[in-house]
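Whatever order the structure lists ligands and atoms in, that order sets their numbers, starting from 1.
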Amino acid sequence: MYANIIIDISHEKVDRTFQYRVPDRLIDAVSEGVPVKIPFGRGDTLRTGYVIELTDKPNWNPDKIKEIIDVEQGLISAGDISIRLAAWMKRQYGSTMIAALKTVLPASKKQNRQVHKFISLRLPEREVRDFYNECVRKKQKARERLLKEFLDNPDDRIPYEFVTGKLNVSAQAIKALGDKGIIKIESEEYYRKPIAASSDRYGKKVLSSEQQHIVDSIKSDYDAGKRDTYLIHGITGSGKTEVYIALIDDVIKRGKQAIVLIPEIALTYQTLMRFYRHFGDRVSVMNSTLSPGEKFDQMERARNGDIDIIIGPRSALFTPFPNTGIIIIDEEHEATYKSETMPKYHAREVAIQLSKLLPDGAAVVLGSATPSLEAYYRAETGEIKLFELNKRLTGGTLPEVEIADLRKELREGNRSIFSRRLFELMEDRLNRDEQVMLFINRRGLAGFISCRSCGHVFKCPHCDVSLSEHRGGKLICHYCGYEEPRPKICPKCGSKYVSSFRAGTQQIEDEVKKYFPDAKVLRMDADTTKTKGSYEKILGAFANKEANVLVGTQMIVKGHDFPDVTLVGILAADMSLYASDYRASERTFQLLTQAAGRAGRGERKGNVVIQSYQPDHYSILAAANQDYKGFYEEEIAYRDLLRYPPVSHMMSVQIQGKNEDEALAFATKLRAVMEQQKLQNVVFIGPASASIGKINDIYRMAIYVKADDMNILIRLKDLVEKYVRMLEDKGYLKYLTTQFDFDPVNGF
Ligand code: ADP
Ligand code: ZN
Ligand code: ZN
């Protein structure tokens with residue numbers, strides 16, 4: 001018996017396994033995931049390794065294979081939970097063990113420790129107020145903002161990057177206040193043993209009876225030893241976060257830790273500060289701007305018990321706490337919870353599995369205003385417990401939503417990108433100095449361009465996607481970066497009616513400026529948020545009313561509360577309906593509901609105008625009526641009828657290759673291999689070219705397999721994996737790759 005072993009996982013790069021012999025005396029003790037002592041390298045240094053795979057096949061000369069010395073006792077349990085989780089993910093989602101391990105193990109590189117800066121008040125509140133009043137008088141806006149923040153919360157230690165980022169206060173302004181002795185700037189290293197924050201300082205909220213009911217139910221399940229999954233369905237502002245905080249409080253009192261997942265983009269300053277205020281230094285935030293070294297430090301702090309709560313994107317799930325007691329997934333419907341690389345896992349499913357693997361289990365709490373069909377379906381079938389929060393606690397009334405029929409606008413001679421109703425409301429709001437948000441889900445100057453005369457669409461020769469028009473007369477491919485000059489006449493028919501088909505963010509910005517020359521416009525899309533901190537800066541500037549209009553892609557519909565926004569325009573609501581996958585309606589409904597929810601957060605009533613070419617579509621109507629249940633009923637019927645997830649399950653087998661014919665022949669063969677099993681009630685579709693048929697000259701195609709039982713799909717996946725490995729061992733498939741995606745969330 002031989003064991004393939006990965007060495008010293010948290011210190012070395014996990015990139016390959018080494019083979020060792022399992023001595024007879026250890027046969028019973030050694031299994032996948034078990035930590036072992038092994039001699040390593042020339043000097044046979046004693047190292048720790050993890051057994052990844054057992055096999056009876058030696059990789060090379062059996063006489064030269066070293067022996068495992070012993071099973072390693074008393075290693076941190078997180079380690080073997082990670083291994084077992086990785087083994088589960090490998091099997092569930094189809095990937096190599098290495099890829100699965102790399103996913104679940106914390107970043108391994110230790111780098112220079114970074115220093116973290118915090119700002120706090122040096123002077124008593126009364127004196128700060130005098131300075132504050134002086135700043136107001138001198139119109140020193142940035143200083144005013146910072147001091148206001150402190151006057152509201154005099155005991156805060158605000159992370160430096162929040163002040164420069166979300167609060168949009170310059171380094172000079174901070175320094176000036178520091179030089180005057182008003183604030184102090186402290187630096188500290190991560191490894192300092194943090195002081196436990198006294199949460200009473202911040203005056204805990206008295207929960208409403210609905211909130212208390214949720215907390216009590218989950219607590220009593222916990223006391224009864226049950227570790228369930230819960231879904232809190234509640235609109236933004238209905239008090240979900242307050243419930244999370246109460247639940248975390250309870251879990252910490254039990255000596256356990258909490259993982260809070262949030263979609264990266266929703267990492268709002270206000271929400272984070274609430275966690276900081278409540279839990280002080282016991283909370284740590286993980287975000288994409290952290291270096292691998294910082295992430296590693298964070299993991300170490302979690303492992304050592306220096307923090308109790310981690311807040312972060314889906315990878316925060318793999319935080320090696322000694323005793324995780326609760327996993328919270330906020331905005332659980334977000335697509336970012338699904339990994340785009342192998343293993344293509346979903347954080348929701350992995351959280352539930354992790355809870356099962358933890359020695360003492362963990363409660364899993366999902367929250368959303370527009371739950372995924374997956375979560376709600378399971379709530380309906382009783383698999384998870386559903387709670388509803390129906391009232392908005394932030395005050396403000398729900399906005400009035402209207403739908404503008406774009407076909408009618410065109411028929412009646414309106415060729416602008418604004419419907420007459422939206423235009424009228426924009427005029428009104430700008431006159432009253434209130435704020436407007438305009439939302440579109442596309443980037444670039446003008447989306448894709450086409451010939452109005454013959455319908456020719458300009459596509460990237462390498463990627464088979466439409467080119468986007470950008471300023472400066474260029475057409476650009478968003479996948480590979482290919483560019484060509486924008487043609488004046490159609491290469492196919494010679495017509496000069498070559499134009500943009502749909503508006504992009506830049507064009508909307510230009511139009512707003514054209515019709516409302518006095519309006520100050522900010523634009524937020526992938527192009528304006530490339531640099532670090534720009535996202536926060538734009539939102540910060542808008543929050544400070546430095547602009548009247550914010551134009552943007554889906555990024556603007558999340559995060560931040562803007563009390564002065566009283567009008568939201570959704571310019572082309574059905575754009576996402578054209579996406580060629582079964583989740584198009586769900587995504588449209590979620591986007592529209594979220595976007596609509598941006599209006600009327602303050603005292604004044606808000607309006608929303610949804611512009612659409614399909615005003616009768618159920619996802620648009622339901623979003624306009626804020627009717628989740630109505631949408632769910634229609635959508636689940638459709639999924640049921642066509643056997644789509646979550647009613648049924650779907651696996652996409654994705655094949656990529658340099659040669660189109662070869663890839664197609666191989667894909668066809670894979671389908672045949674699966675079909676040979678003659679399984680009942682399994683549906684095969686394809687192979688067909690993927691929605692993006694070619695990227696960087698690599699052809700992409702997919703076979704879709706549908707079955708009611710996920711395990712059948714997993715069995716078929718195992719079969720394909722085995723077949724592929726067999727061919728690879730023979731030296732075939734050099735230019736072909738095969739990947740799997742279960743219940744796909746993002747198109748391929
Ligand atoms: P959600 O997470 O659903 O968006 P939050 O928990 O952020 O909702 O609550 C919305 C607002 O209502 C916040 O400003 C919060 O401080 C406040 N809030 C929440 N629960 C209560 C409560 N029980 N009493 C008073 N204010 C509350
Ligand atoms: Zn043409
Ligand atoms: Zn391209």
Side-chain angles (χ1 to χ4, degrees), residues 148-149 152-153 155-156 166 199-219 230-251 258-279 283 285 309 311-312 326-334 337 364-372 375-376 386-399 539 543 556-565 568 590 593-603 606 626 628:
K148 174 82 172 50
E149 194 67 28
D152 290 347
N153 308 282
D155 291 331
D156 268 9
K166 308 247 177 183
S199 49
D200 308 346
R201 244 191 337 176
Y202 304 111
K204 218 155 75 189
K205 299 231 156 52
V206 180
L207 295 182
S208 71
S209 59
E210 288 87 357
Q211 288 171 317
Q212 194 62 50
H213 169 69
I214 302 177
V215 174
D216 290 345
S217 307
I218 298 178
K219 267 161 81 170
Y230 308 87
L231 170 62
I232 306 177
H233 175 209
I235 54 170
T236 319
S238 62
K240 297 186 295 297
T241 306
E242 214 55 44
V243 171
Y244 304 154
I245 290 176
L247 288 170
I248 295 171
D249 256 346
D250 177 60
V251 158
I259 295 172
V260 182
L261 302 189
I262 37 146
E264 183 96 47
I265 220 148
L267 201 85
T268 66
Y269 170 75
Q270 287 102 326
T271 308
L272 281 184
M273 283 318 287
R274 270 164 72 192
F275 277 93
Y276 272 123
R277 271 176 207 139
H278 196 88
F279 298 107
V283 60
V285 176
I309 304 142
I311 304 178
I326 192 168
I327 303 169
I328 292 164
I329 307 184
D330 192 29
E331 315 271 357
E332 65 81 31
H333 62 276
E334 285 291 333
Y337 288 127
V364 178
V365 178
L366 313 172
S368 175
T370 52
S372 64
Y376 208 81
L386 176 66
F387 298 108
E388 306 261 1
L389 286 175
N390 295 318
K391 280 188 298 246
R392 207 183 237 189
L393 298 169
T394 33
T397 42
L398 286 176
L539 288 180
I556 66 170
V557 305
K558 292 161 194 167
H560 271 253
D561 257 348
F562 303 109
D564 289 315
V565 170
V568 169
Q590 287 164 351
T593 308
Q594 275 177 357
R598 294 283 110 194
R601 289 302 178 87
E603 269 111 61
Q626 309 267 326
Y628 178 83

So if I count the atoms of ligand 1 from 1 in the order they appear, which ones are less than 4.0 Å from some heavy atom of [X]?
X	result
Lys240	1 (P), 2 (O), 3 (O), 6 (O), 8 (O)
Val206	22 (C), 23 (N), 24 (N)
Ile235	3 (O)
Ser208	23 (N)

Counting heavy atoms only, which of [options] is nearest [atom]?
atom	options	answer
atom 4 (O) of ligand 1	Ser209, Ala246, Gly237, Ser368	Gly237
atom 5 (P) of ligand 1	Glu331, Arg274, Gln212	Arg274
atom 2 (O) of ligand 1	Leu389, Val243, Thr241	Thr241

Quick one: [atom1] on [X] to [atom2] on [Y], what's the gap to the nearest 0.5 Å?
X	Y	atom1	atom2	answer
Leu389	Thr236	CG	OG1	11.5 Å
Gln594	His333	CD	NE2	4.0 Å
Arg274	Glu242	CZ	CD	5.0 Å
Tyr337	Asp330	OH	CG	6.0 Å

Query raised in the report: At the 4.0 Å heavy-atom cut-off, does Asp330 count as touching ligand 1?
Result: no
Requested in this report: Check if Arg392 has a non-hydrogen atom at a distance under 4.0 Å from any atom of ligand 1.
Outcome: no
Please report which non-hydrogen protein atom sits nearest to [atom], along with the residue it belongs to and the distance in Å to one decimal place.
atom	result
atom 8 (O) of ligand 1	Gly239 N, 2.9 Å
atom 16 (O) of ligand 1	Lys205 NZ, 3.1 Å
atom 12 (O) of ligand 1	Leu393 CB, 3.6 Å
atom 14 (O) of ligand 1	Thr394 CG2, 4.2 Å
atom 20 (N) of ligand 1	Gln211 NE2, 3.0 Å

Would you name the heavy atoms of [X] and [Y] that are closest together and state the gap between them?
X	Y	result
Gln626	Ala596	NE2-CB, 3.8 Å
Lys240	Ile235	NZ-O, 3.2 Å
Phe279	Ile245	CZ-O, 3.7 Å
Tyr276	Val285	OH-CG2, 3.8 Å

**Report entry** Option among Val260, Ile328, Val251 that satisfies the side-chain contact (heavy atoms from CB on, under 4.5 Å) test with Ile309
**Finding:** Val260
Requested in this report: Could you say whether the N/O atoms of Thr236 and ligand 1 ever approach to under 3.5 Å?
Outcome: no
Requested in this report: Could you check His278 against Asp249 for side chain to side chain contact (heavy atoms under 4.5 Å, CB included), going step by step and ending with a plain yes or no?
Outcome: CA-CA 9 Å; His278 196 88; Asp249 256 346; 2.8 Å; yes
